[in-house]
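Working notes, structure below.
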Amino acid sequence: MAARVGVVTFPGSLDDRDAAAAVHIVGGEAVALWHEDTSVGDVDAIILPGGFSYGDYLRCGAVAHLAPVMRAVARFAADGGPVLGICNGFQVLCEARLLPGALLRNERLRFVSRPVGIDVVRIDTPFSAGYADGQRITLPVKHGEGRYVADVRTLDELEAEGQVVFRYAPGENPNGSARDIAGVTNAAGNVVGLMPHPEHAVDAVLSEGTDGRGMFAGLLAAIGRPVAPV
């Protein structure tokens with residue numbers, strides 16, 4: 001039976017279809033979840049996609065994290081369910097306190113859109129299990145508010161507890177994120193957020209390559225579901 005992966009759509013989401021397509025490419029079934037839903041139903045994992053939820057008014061993710069579906073996502077995560085936040089989804093997870101830290105305006109106050117090198121730091125989460133330890137992959141970024149920040153104590157704890165999952169390769173930090181952090185996980189290891197877009201790097205026909213496919217294939221393998229052949 002194919003893995004059922006819920007993909008949440010907020011008003012202003014624009015990468016939800018891309019996330020659903022990525023799930024389909026690796027052999028999963030994408031289940032549409034709406035911001036007003038009060039339950040996530042029978043899903044094996046959840047993705048919060050990129051975009052500009054609720055127009056990014058106030059702060060990125062500040063309105064979206066109050067949506068009814070986020071209470072259901074929080075319950076799902078508390079029960080150990082795998083949750084992935086990509087770009088705006090990462091911002092929402094931080095606003096919801098499902099992940100530590102915050103995402104602020106890029107260091108140079110400019111929107112950045114380009115492929116960047118990403119080092120895989122931790123491979124024992126559902127979303128990094130498809131990679132080798134220390135593997136360098138290339139994923140596109142596209143954001144104006146992707147600078148990961150936290151106080152020094154929190155950053156030290158993240159490093160000490162192994163909660164940094166992805167790090168920008170040396171010299172490739174596109175936004176000034178503290179300690180080159182591109183993605184983190186919660187203490188339990190089941191909630192992951194990152195600014196780069198793996199869902200835009202799953203199709204060999206497109207220019208961004210297929211390095212993002214491992215994130216979705218790794219998820220299916222981690223939850224014990226069949227993965228479609230490459």
Report task. Using a 4.5 Å cut-off on heavy atoms from C-beta on, say whether the side chain of Ile46 contacts that of Val8. Result -> yes
Report task. State plainly whether one hydrophobic cluster holds both Tyr148 and Val112, where clusters connect Ile, Leu, Val, Met, Phe, Trp and Tyr through side-chain heavy atoms under 4.5 angstrom apart. Result -> yes
Query raised in the report: Relative to the ring of Tyr54, is the ring of Phe10 parallel (under 30°), tilted (30 to 60°) or perpendicular (over 60°)?
Result: tilted
**Report entry** Charged N-O contact under 4.0 Å between Arg213 and Asp211
**Finding:** no
Query raised in the report: Are any side-chain N or O atoms of Asp203 and backbone N or O atoms of Val205, one a donor and one an acceptor, separated by less than 3.5 Å?
Result: yes
Query raised in the report: Would you say the side-chain atoms of Asn186 pair up with the backbone N or O of Val191, donor to acceptor, closer than 3.5 Å?
Result: yes
Query raised in the report: Would Ile223 and Val165 show up in the same hydrophobic cluster when neighbours are defined by side-chain heavy atoms closer than 4.5 Å?
Result: yes
Query raised in the report: Does Lys142 come within less than 4.0 Å of Asp15, counting only side-chain N to carboxylate O?
Result: yes
Query raised in the report: Within a radius of less than 6.0 Å around CZ of Arg97, do more than 12 heavy atoms belonging to other residues, nucleotides or ligands occur?
Result: no
Query raised in the report: Counting only N and O atoms by type, is there a donor-acceptor contact under 3.5 Å from the side chain of Glu95 to the main-chain atoms of Gly61?
Result: no
Requested in this report: Could you tell me whether the side chain of His200 and the main chain of His197 form a donor-acceptor pair under 3.5 Å?
Outcome: no
Report task. Check the hydrophobic clustering (I, L, V, M, F, W, Y; side-chain heavy atoms under 4.5 Å; chains of links allowed) and say if Val141 and Leu104 are grouped together. Result -> no
Query raised in the report: Is Arg147 salt-bridged to Glu107, cutoff N-O under 4.0 Å?
Result: no
Query raised in the report: Within the distance-only criterion (no hydrogens, no angle test), does the side chain of Asn190 pair as donor or acceptor with the backbone N or O of Gly81 below 3.5 angstrom?
Result: yes
Query raised in the report: Ignoring hydrogens and geometry, is there a side-chain-to-backbone donor-acceptor pair from Ser177 to Ala182 under 3.5 Å?
Result: no
Query raised in the report: What do you reckon, is CZ of Arg108 surrounded by more than 12 foreign heavy atoms closer than 6.0 Å?
Result: no
Report task. Using atom types as modelled and distance alone, determine if a side-chain donor or acceptor of Asp79 lies under 3.5 Å from a backbone N or O of Phe76. Result -> no
Report task. Identify whether Val164 and Val149 are in the same connected component of the hydrophobic contact network (ILVMFWY, side-chain heavy atoms under 4.5 Å). Result -> no
Query raised in the report: Is Arg167 salt-bridged to Glu159, going by a charged N under 4.0 Å from an acidic O?
Result: yes
Requested in this report: Take Tyr168 and Asn175, measure what side chain to side chain donor-acceptor pair (under 3.5 Å) needs, and give me the verdict at the end.
Outcome: CA-CA 10 Å; Tyr168 297 113; Asn175 48 43; 3.2 Å; yes
Query raised in the report: Under the side chain to side chain donor-acceptor pair (under 3.5 Å) criterion, do Thr154 and Asp151 qualify, and how do the steps go?
Result: CA-CA 5 Å; Thr154 299; Asp151 60 83; 2.9 Å; yes
Query raised in the report: Are more than 12 heavy atoms from other residues, nucleotides or ligands located less than 6.0 Å from atom CZ of Arg17?
Result: no
